[in-house]
There are 2 protein chains.
Amino acid sequence: MAETIPAPAAEPARAGRRRSTSRAALERVALELFDRDGFEHTTVDDIAAAAGIGRRTFFRYYASKNDAVWGEFDLEALRARLEAHGPQVPMMDAIRAAVLDFNRIGPEEEPRHRRRMELILRVPALQAHSTLKYAEWRSVVEGFAARRTGEPPGSLLPRLIGSAVLGACIAAYEQWLADDGADLQELLDRALRELAAGFDRPDPGAPPPPAAGDRPRA
Amino acid sequence: MAETIPAPAAEPARAGRRRSTSRAALERVALELFDRDGFEHTTVDDIAAAAGIGRRTFFRYYASKNDAVWGEFDLEALRARLEAHGPQVPMMDAIRAAVLDFNRIGPEEEPRHRRRMELILRVPALQAHSTLKYAEWRSVVEGFAARRTGEPPGSLLPRLIGSAVLGACIAAYEQWLADDGADLQELLDRALRELAAGFDRPDPGAPPPPAAGDRPRA
DNA sequence: TACCATAATGGCACCGAGTGCCGAAAGGAA
DNA sequence: TTCCTTTCGGCACTCGGTGCCATTATGGTA
């Protein structure tokens, strides 16, 4: 999740009419309107008008109204971060480090990111759409897990790890949104550690397990 | 997931025009058309026409075209099954048993269930919509986990468990669909056991962990 | 049997997202 | 200028979904 594409990558100067706006600019306009009037009550016409473009043009920048909420993800970066650690680093540690890094956002970006994630996690239409947006994200994690576990990609364990890691991130984000002062990095870290350790822990006030480890506290 | 509502619960005989169809009948008609023509290429008009009702009436039975694919879930049953085991049964064992039980389907139901899940997991619009449909399902698991862990509902760990368990089920279902002969119960069982045990297992060919347990094999 | 309250039906008009088509605008290069 | 390329944006259309309301079917009651 997170990790917006850095730069427009300076174009060399092509022929033809110049683009009259940019995805980033449209996203800003859209988020402002969503914030002010709510996602459902903002029509694509509203956004286009506010951005000074035609409605038809909006759909050349974003495939749907939903998509305008998402920044662009640089999945290559996630993949690179996963592979950054050698095979001596345990799989879940590598995943945790990569995910934390991927979700690191500067303090000045935080308010916008918060609003964006509030929309994504609370507006039903966006909540639903997120499944599609995160499919690739999940498959990156899945691919890494496949390599590390030695299982073929597409088999149960890697898929499970991909799904579960995504679930953990969503749970962490939900917690983050619920508490204004919360630290996203810490929440992600906790969630992913819990996931790595497994949920087979004794209930409060139950007999101790056969092998005592150093499980993180809940 | 799964577990359709059993009976229409014999009505006492009220005044007024009788319903001209039923949710179940509409679902059958819709699934047939989706199967034949594909989900996107089937319009609500098509379904209504095939069912011999007006388009407007269709939306009185299902809130959306998407919803026609889902059977109705009896979440009360899931909740009951979770609580069926006493507190001496470990949390993840109780969850596993309840989920397996909830997803038990008779052999005659299997083909229909398979087609249904194929649609849900493969058609993008339905895949997206599923997030909303399973929100309540997840919150049932989350509530149980909250009680068992002693954490307040809505806090990180129970949420994480809800998300992760759902993720595990989805991974199992995907495997099930990918292989015609696969046994759903066994896949769910494996996925949930892996999840319970955690993913902090040694990579193939790495040094043994400090405490050797009886982790399930991958 | 006539009437009435009730509940479901379905047509109609409308909104908004998304798409195919195509001519017009804008800019670089010959 | 002329030509080529690219983007723009209007128009018309499809489809999902909703509010409104007259119509129809049904059971109960006078």
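All chains are named by letter (A, B, ...) in the order of the sequence lines, taking the proteins before the strands, and each is independently numbered beginning at 1. Computed from a prediction, not measured in an experiment: that's the story for all the values here.
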Picking from Glu108(B), Arg112(B), Arg114(B), what satisfies side-chain contact (heavy atoms from CB on, under 4.5 Å) with Glu110(B)? Arg114(B)
Nearest 0.5 angstrom please: Phe58(B) CZ to Asp45(B) CG, how far? 10.5 Å
Any chance CD of Glu32(B) has more than 12 other-residue heavy atoms, nucleotides or ligands included, within less than 6.0 Å? no
By nearest-nucleotide position on DNA chain D, the 5'-leaning member of Gly16(B) and Val44(B) is Val44(B)
Nearest to side-chain heavy atoms of Ala15(B), which nucleotide of dT6(C), dA8(C), dT6(D): dT6(C)
Is there a residue in residues 51-70 of chain B whose heavy atoms reach under 4.0 Å of DNA chain C, and which residues are they? Ile53(B), Gly54(B), Arg56(B), Thr57(B), Arg60(B), Tyr61(B)
Please confirm whether the shortest side-chain N or O distance from Ser20(A) to OP1 or OP2 of dT7(D) is below 4.0 Å. no
Are any of Thr43(B)'s side-chain N or O atoms less than 4.0 Å away from OP1 or OP2 of dC15(D)? no
Whole-Å distance, Arg18(B) CZ to dA5(C) P, equals 21 Å
Can you check whether His113(B) and Tyr173(B) have ring centres sitting under 6.0 Å from each other? yes
Arg19(A) atom CZ is separated from dG28(C) atom P, nearest whole Å, by 16 Å
Using the ring of Phe39(B) (Phe, Tyr or Trp, six-membered ring only), decide whether Arg122(B) places NZ or CZ under 6.0 Å from its centre and within 45 degrees of its axis. no
Round to the nearest Å and state the distance from Asp37(A) atom CG to dG16(C) atom P. 13 Å
d(CD, Glu40(B); P, dT14(D)) in whole Å: 18 Å
Is the charged tip of Arg19(A) near the ring of Tyr61(A): under 6.0 Å from the six-membered ring centre and within 45° of its axis? yes
Would you mind reading off the distance between Arg17(A) atom CZ and dT7(D) atom P, rounded to a whole angstrom? 10 Å
